[in-house]
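We count ligands from 1, going down the list as the structure has it; atoms in each ligand are counted the same way.
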Amino acid sequence: MIYLDYNATTPIASAVLEAMMPYLKDEWGNAASSYRFGSKLKSVIEDAREKVADLLGAHPLEILFTSCGTESNNAAINAALLAHPGKKHIITCVTEHSSVLSHCRALEMRGYRVTYLPVDHEGLINLFDLEADITEETALVSIMWANNETGVLSPIENIGKLCRQKGVLYHCDAVQVAGKLPINLKHLPIDYLTITGHKITAPKGVGALFIRKTVPFSPYLYGGHQERERRGGTEAIPLIVGLASAAQITKRKLPTYSTKVTSLRDSFESTILSTVASAKRNGDPQKRLPNTSSITFRGIEAEAFLLLLDQQGICASSGSACLSDSPDPSNVIAAMTRDNSAARQTLRFSLDATTTPKELETTAECIQSIVQKLKPS
Ligand code: PLP
């Protein structure tokens, strides 16, 4: 198998699994228990919190463990709205992940007003649009750091600064950035930031939300006293330990990740673009993640393309993994190109530092022969 869908999910690293094993087998107590078999696990959770905080340049008390990126995004939006009950306006962007867009649509049904900022053909928002749309009514701006389909990077520092000037909370979905680019929240004007474990070699079912010490937070899940009353539910200790271990490993690998993956991705892209006449790259060529390549193959439906790639053992995708069973074209490519057919003819290849030049060479050859087979006559 050639796996080129690391933005969808990643395998669990062996060291992560090893770190988790004691908590899956022997140390299965409940951290809330009064006896030591359970209560000693409190320090395991706090140690994990420190490691995740370290990846983000945050204080450990600013880290809330959640079940996934979707929960973190929903919890941040919920908290910002509860912080300002009189403010009924949210600003987000048309190319956000469904975990933000679907929540916003549900909020519209409950009387909130949502502005969905457009993007240009490179996938970038216009900061003047954002500034013009912030009003006294605005409670929150939620704009992601890196787009999951194109890898395009938003100007998060400028967005954050503008939000600070206007007194509006800023939530940033950084699910695709963790493990790929350095994150230092000490120096970033971000109030809430989302990450998830399964994109950084931790298991599925665990995520985290950064909540700046100075900003308000109300629980999204009510229950027991866990997570300092911020999220009810018995802590998933093995998963939390897995997230922390992945955070540590990922941080260690960061200094070499970008150079390695950029060179793999760029050489793959230039092979495709120079040998397939109908291929066009999407997204700002500079302001994007090092590992992501979004390519439209004019005249060829992505669904058929992916099927033939799969037959050759190659895993890629046509956009967000969460919407891969939806009949709708990619909202991201459609917003950038204003062209629904391009949105149905786009593939995403997302690489890892472990991807080999040979795998990319084989993939490029398969792409060339599939294009020959499927291209319109
Ligand atoms: N945000 C982005 C940008 C994503 O790519 C994803 C997952 O694909 C999510 C949020 C949701 O994360 P999770 O799958 O952990 O719910």
What atoms of ligand 1 come within less than 4.0 Å of a heavy atom belonging to [X]?
X	value
Thr70	11 (C), 12 (O), 13 (P), 16 (O)
Asp173	1 (N), 2 (C), 3 (C), 10 (C)
Thr196	15 (O)

Which part of Glu71 is near ligand 1, with near meaning a heavy atom under 4.0 Å away: side chain, backbone, both or neither?
-> neither
Any N/O of Cys68 closer than 3.5 Å to an N/O of ligand 1?
-> no
Does any N/O atom on Asn7 come nearer than 3.5 Å to any N/O atom on ligand 1?
-> no
Report yes if the side chains of Pro290 and Lys260 come closer than 4.5 Å at any heavy-atom pair, otherwise no.
-> no
When the ring centroid of Phe349 is compared with that of Phe268, is the distance short of 6.0 Å?
-> yes
Indicate whether any N or O donor in one side chain lies under 3.5 Å from an N or O acceptor in the other, for Thr346 and Thr296.
-> yes
Close approach, Ser99 and ligand 1, non-hydrogen under 4.0 angstrom = yes
Does Lys204 have a heavy atom less than 4.0 Å from any atom of ligand 1?
-> no
Residues, nucleotides or ligands: over 12 heavy atoms within 6.0 Å of Lys253 NZ = no
Flag yes if more than 12 heavy atoms outside Gln368 fall under 6.0 Å of its CD atom; otherwise flag no.
-> yes
For residues 206-214, which side-chain donor-acceptor pairs fall under 3.5 Å, sequence neighbours excluded?
from   : atom 1 : to     : atom 2 : distance (Å)
Arg212 : NE     : Ile190 : O      : 2.9
Arg212 : NH2    : Leu185 : O      : 2.8
Arg212 : NH2    : Leu188 : O      : 2.8
Arg212 : NH2    : Ile190 : O      : 3.1

Among Gln176, Met144, His198, closest by heavy atom to atom 5 (O) of ligand 1 is Gln176
Does Ile240 share a hydrophobic cluster with Ile195, counting links as ILVMFWY side-chain heavy atoms below 4.5 Å and allowing steps through other members?
-> yes
